[in-house]
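A short write-up of the structure that comes next.
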Amino acid sequence: MNSEYTQAELHFRDEVRQFLREKLPEDIRRKTLLGMHLTKDDCVRWQKILHKQGWAAVNWPVEHGGTGWDATRKSIFETECALAGAPEVIPFGMKMVAPVIFTYGNEEQQHRFLPDILASNVWWCQGYSEPNAGSDLASLKTSAYRDGDHYVVNGTKTWTTLAQHADWIFCLVRTGGPQEKNQTAISFLLIDMHSPGISLSPILTLDGYREVNEVHFDNVRVPVENRIGEEGHGWTYAKVLLTHERTNIARVAHSRCQLQRARELASATPDGSGTLMQNPVFAHKFAEIEIELLALEYTELRTLDAVRTGQAPGPESSILKIKGTELAQSIDELHAEIAACGGLPYVPWQLEDDFEGDKVGSDSAINSWLRYFNNRKSSIYGGSNEIQKNIICKAVLGL
Amino acid sequence: MDFSFSEEQQLLRDSVIRFIRQDYGFDIRQKTVTSSAPFNRDYWQTFAELGWLLVPFGEDDGGLGGSAVDIMVVMEEFGKGMVVEPLLASAILAGGLIAETGSAAQKNDWLQPLMDGQLQLAFAFAEPQSRFDLANVATRAEADGEHFVVRGHKTVVLNGGAADTLVVSVRSGTGVSLLAMDSNTPGITRNSYKTVDGHNAAEIYFDAVRVPRANLLGVEGKALPAIEKIIDRATLAICAEAVGAMESALQKTVEYTKTRKQFGTTISSFQALQHRMADMFIECQQARSILMMAAMQLDAGNGVAPRAVSAAKSRIGKAARKVGQEAVQIHGGIGVTDELDVAHLFKRLTSIQYLFGSTDYHTQRFIG
Ligand SMILES: Cc1cc2nc3c(=O)[nH]c(=O)nc-3n(C[C@H](O)[C@H](O)[C@H](O)COP(=O)(O)OP(=O)(O)OC[C@H]3O[C@@H](n4cnc5c(N)ncnc54)[C@H](O)[C@@H]3O)c2cc1C
């Protein structure tokens with residue numbers, strides 16, 4: 001057993017560090033560290049910088065422009081990015097639809113879609129969930145019936161993250177009858193968001209941000225050539241990719257970075273005759289989180305090692321999802337506690353560069369409660385933590 | 001032993017319940033919250049007409065008695081309705097200090113118009129460096145003849161933007177004193193805003209503000225015991241508010257799970273969720289119990305009240321965190337949206353965790 005990096009890996013790490021030092025724009029770094037919502041332009045700007053370096057597509061095979069890195073290098077890269085305050089890549093194009101396209105799409109589709117995803121020329125969103133199909137995704141009702149060389153799509157998708165920016169949406173739709181089995185009834189369609197018949201209704205999250213949308217499809221005509229793979233096999237494709245290797249699902253590096261910031265802030269926060277970090281109750285709570293994070297880091301490394309030695313990651317990804325989100329949420333809570341009532345003022349706009357006027361409180365305090373509120377989402381989406389536990393019960397414990 | 005409400009308390013409770021049910025729907029509340037007004041002034045007049053502004057005050061001051069149990073009765077229902085009108089900041093806190101320390105003339109100037117619904121008050125005590133320590137006061141008041149000259153910065157002053165008169169804790173002479181002042185006095189700058197839970201607050205800056213010595217409340221340098229006493233009452237008030245908010249969050253969660261269907265059945269049928277709601281229920285009950293304990297100790301006035309209030313705040317803070325988070329989680333995606341009342345209950349419950357001292361702070365204060 002040995003958890004040391006090789007010389008080559010250490011060298012790679014230095015290279016990543018240097019790149020981040022030189023190329024990560026300061027305004028984006030600041031926003032990320034403060035947990036602000038990035039604009040579309042911020043996200044695209046950073047992804048294009050990564051692309052220029054050849055590091056945009058960490059999980060793609062080399063032939064499509066991916067890095068071809070092994071699990072260790074991916075992990076080093078993600079860690080260094082998080083520690084440096086680089087934003088996480090918007091996953092919908094790069095991490096979600098692209099693997100579907102390069103695994104199950106035909107050559108024409110690969111040529112048509114992958115280069116623009118790689119270069120961040122188009123913005124994708126994910127159309128899986130529906131008002132009545134959340135945890136029970138397979139009950140989705142959005143229908144697509146065949147009319148010549150088109151599908152005609154009707155229905156409503158919801159919780160569609162940042163659909164207001166999107167050029168394209170990838171959807172699971174029902175091409176089979178309502179009684180038909182999921183394994184044969186659901187298809188995977190790529191739909192141009194500018195198609196006639198698509199409309200959006202914004203949904204604000206509890207921090208007042210337009211993060212999600214309802215996407216309505218009213219007789220939207222989608223060329224058959226936009227279907228991935230075979231008709232009726234979409235559910236299989238989606239499922240394979242859900243259990244497919246998902247690096248960074250535990251977000252250990254992100255949590256480590258936020259925990260480090262929490263330490264700095266708590267050390268500068270007066271409390272009694274000392275600082276908050278010197279308060280034994282706070283220090284104890286802090287240490288418990290730090291220890292849990294350490295355990296998670298090694299759980300993640302064990303998973304990576306299993307992948308390296310050719311074992312498919314199965315229910316381990318459920319552990320990473322549950323613990324990763326719980327930890328991120330408890331670190332958000334530490335930040336909220338450090339800010340205490342300094343988190344009460346609702347003035348998120350004062351963090352923007354162009355804000356003019358008198359500021360209230362400190363930037364880190366102002367955003368801390370909002371981030372805590374917003375990140376309650378992470379134990380709900382991507383398969384809620386309850387659903388992840390059901391998976392562990394079924395797949396591991398045999399219950 | 002008698003844990004039941006008196007007839008008057010029952011009537012008071014009914015009148016608040018009726019108001020919330022008839023006039024304070026979530027949509028109406030949100031209209032106020034998203035408007036530029038600090039709160040709904042018409043409702044404040046309603047509060048005055050219904051006599052609720054008299055609740056925190058003793059009969060000698062023209063109030064209804066001012067017991068902690070009375071305050072608890074009103075605030076619990078306010079918690080269910082997420083009321084943003086500043087009964088707490090204006091009446092219980094700032095009004096409470098004037099009642100506690102003011103002379104007859106001062107009460108006539110400020111308490112009477114408050115109870116009539118004509119005057120808004122705020123208590124400015126917190127400072128950027130003070131965290132939860134009420135004695136940590138850097139705002140200074142220097143004597144200058146018949147005036148004090150005040151310099152400093154008070155932060156997150158509840159109702160600070162709307163207040164006509166401010167009660168300010170200052171360091172003067174050898175201790176902490178209380179000064180009342182018109183919020184338009186030259187030298188006062190206010191930067192007001194909404195808070196994340198829909199209330200209003202302000203940063204208030206004092207730059208050589210001249211305040212007549214006649215506006216000193218109580219004895220110079222000796223205000224700390226009164227401040228602690230009134231903050232304890234305010235702490236009990238938000239504990240009661242939390243108990244109301246938690247019960248509302250639990251009830252809405254239970255109802256939602258009975259209607260939301262996934263996997264061909266209502267999600268209420270999943271035992272994984274049932275047990276969590278049972279835990280929420282237990283939290284609500286433990287919170288209510290310790291709230292009543294603290295209210296009775298406050299009214300008994302036998303010296304153990306501060307410790308009892310800290311016990312309540314600590315335990316209720318813990319419950320508020322759990323119940324708020326679970327209510328959101330069990331709702332799924334809809335739980336993190338602005339359109340759902342439960343998300344706003346969660347935010348208010350978070351504020352209550354930190355207002356007037358965090359859960360940990362009060363556990364440590366309980367230790368002594
Ligand atoms: C901010 C945000 C962004 C999102 N972005 C996207 C997106 O871009 N694209 C997209 O397609 N979707 C997105 N989602 C949707 C997300 O995946 C769903 O919210 C999630 O699947 C849960 O579904 P639901 O909200 O309908 O909750 P429900 O399924 O109704 O669940 C409600 C509660 O019941 C629990 N529950 C459900 N079934 C069981 C069970 N069998 N046993 C025990 N407990 C159970 C859940 O865990 C939850 O606590 C997003 C959600 C959020 C909040």
Side-chain angles (χ1 to χ4, degrees), chain A residues 129 131-139 158-159 203-209 211-212 269-273 276 279-282 285 329 333 336-337 339-348 350 357-362 369-370 372-377 379-381 384-386 389-390 393, chain B residues 34 126 128-133 136 155-156 158 189 191-199 201-203 205 260-264 267 270 272-273 276 321 324-325 328-340 342-344 346-347 350-351 353-361 363-364:
Chain A
S129 306
N132 290 313
S135 296
D136 181 16
L137 184 58
S139 67
T158 194
W159 310 122
I203 303 174
L204 300 185
T205 43
L206 77 176
D207 53 341
Y209 173 61
E211 179 156 350
V212 283
T269 301
D271 181 60
S273 55
L276 187 57
N279 179 322
V281 177
F282 184 85
K285 191 168 3 187
Q329 290 174 336
E333 237 179 314
E337 177 161 359
C341 294
L344 261 172
Y346 183 68
V347 287
Q350 80 170 26
D358 296 324
K359 279 196 176 188
V360 170
S362 74
W369 285 30
L370 297 178
Y372 164 57
F373 295 151
N374 181 280
N375 202 27
R376 300 313 300 175
K377 71 189 175 191
S379 48
I380 294 169
Y381 65 36
S384 73
N385 285 12
E386 289 75 27
K389 285 180 192 174
N390 286 349
C393 290
Chain B
T34 52
Q129 82 295 341
S130 66
R131 206 161 170 85
F132 307 129
D133 183 358
N136 185 331
T155 189
V156 197
L158 302 176
T189 317
N191 184 359
S192 41
Y193 44 80
K194 293 283 172 116
T195 53
V196 295
D197 52 15
H199 289 243
E203 300 300 294
Y205 304 90
R260 173 69 175 167
K261 285 192 172 164
Q262 289 288 279
F263 304 101
I267 60 173
F270 302 134
L273 299 187
R276 305 244 304 260
R321 168 177 183 264
Q325 291 181 353
V328 167
Q329 179 71 24
I330 293 173
H331 273 81
I334 189 89
V336 293
T337 62
D338 183 65
E339 69 197 59
L340 190 80
V342 167
H344 296 267
F346 164 59
K347 291 197 279 186
T350 303
S351 306
Q353 274 180 254
Y354 294 106
L355 278 174
F356 311 133
S358 66
T359 304
D360 287 350
Y361 169 85
T363 312
Q364 284 169 300

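Everything numeric in this text was worked out from a predicted model, so none of it was measured. We name chains A, B, ... by the order of the sequence lines, and we start the count at 1 in each one.
Taking the centre of each ring, Y209(A) and F373(A) stay at or above the 6.0 Å mark. Checked against the 6.0 Å centroid criterion, the rings of Y346(A) and Y193(B) do not qualify as a close aromatic pair.
One N or O on the side chain of W369(A) and one on the backbone of A340(A) form a donor-acceptor pair closer than 3.5 Å. No donor-acceptor pair under 3.5 Å is formed between the side chain of S130(B) and the backbone N or O of A126(B).
Remark: the E386(A) side chain and the Q329(B) side chain contain an N/O donor-acceptor pair separated by less than 3.5 Å. Looking only at atom types and distance, the side chain of D207(A) has a donor-acceptor partner in the side chain of N374(A) under 3.5 Å away.
Put simply, of T158(A), L204(A), L344(A), D271(A), the one with the most heavy-atom pairs under 4.5 Å next to chain B is L344(A). By number of non-hydrogen pairs under 4.5 angstrom with chain B, the leading residue of N385(A), D358(A), L370(A) is D358(A). Interface summary for chain A: among Q325(B), H344(B), Q364(B), R260(B), the most heavy-atom pairs under 4.5 angstrom belong to Q325(B). Here S351(B) is the residue among A343(B), A201(B), S351(B), A272(B) with the most heavy-atom pairs under 4.5 Å with chain A. Counting heavy-atom pairs closer than 4.5 Å to chain B, the top residue among A133(A), S384(A), G134(A) is G134(A). Chain A forms the most heavy-atom pairs under 4.5 Å with one residue out of Q129(B), H199(B), K347(B), and that residue is K347(B). When the candidates L340(B), T189(B), T350(B), D197(B) are compared by the number of heavy-atom contacts under 4.5 Å with chain A, T350(B) comes out ahead.
Using a 4.5 Å cut-off between heavy atoms, V196(B) contacts chain A through both its backbone and its side chain. In this structure, no portion of A138(A) lies under 4.5 Å from any heavy atom of chain B. For chain A, the nearby parts of Q262(B) are the backbone and the side chain; heavy atoms of each come within less than 4.5 Å. For T155(B), no part sits under 4.5 Å from any heavy atom of chain A, backbone or side chain. For Y361(B), no part lies near chain A; criterion is any non-hydrogen pair under 4.5 Å. Of the atoms belonging to I334(B), heavy atoms from both backbone and side chain fall under 4.5 Å from chain A. Neither the backbone nor the side chain of E211(A) comes within less than 4.5 Å of any heavy atom of chain B. Within the 4.5 angstrom heavy-atom criterion, only side-chain atoms of T269(A), from C-beta onward, approach chain B. Both the backbone and the side chain of E333(A) come within contact range of chain B, judged by heavy atoms closer than 4.5 Å. Neither the backbone nor the side chain of N390(A) comes within contact range of chain B; no heavy atoms are under 4.5 Å apart.
The shortest distance between side-chain heavy atoms of V336(B) and V328(B) falls below 4.5 Å. For the pair Q329(A) and S379(A), the minimum side-chain heavy-atom distance is below 4.5 Å. Taking 4.5 Å as the limit, some side-chain heavy atom of I330(B) sits within range of a side-chain heavy atom of R276(B).
Checked for salt-bridge contact, K285(A) and D360(B) meet the test: a charged N lies under 4.0 Å from a carboxylate O.
Remark: K359(A) NZ is packed, more than 12 non-hydrogen atoms of other residues, nucleotides or ligands lying under 6.0 Å away.
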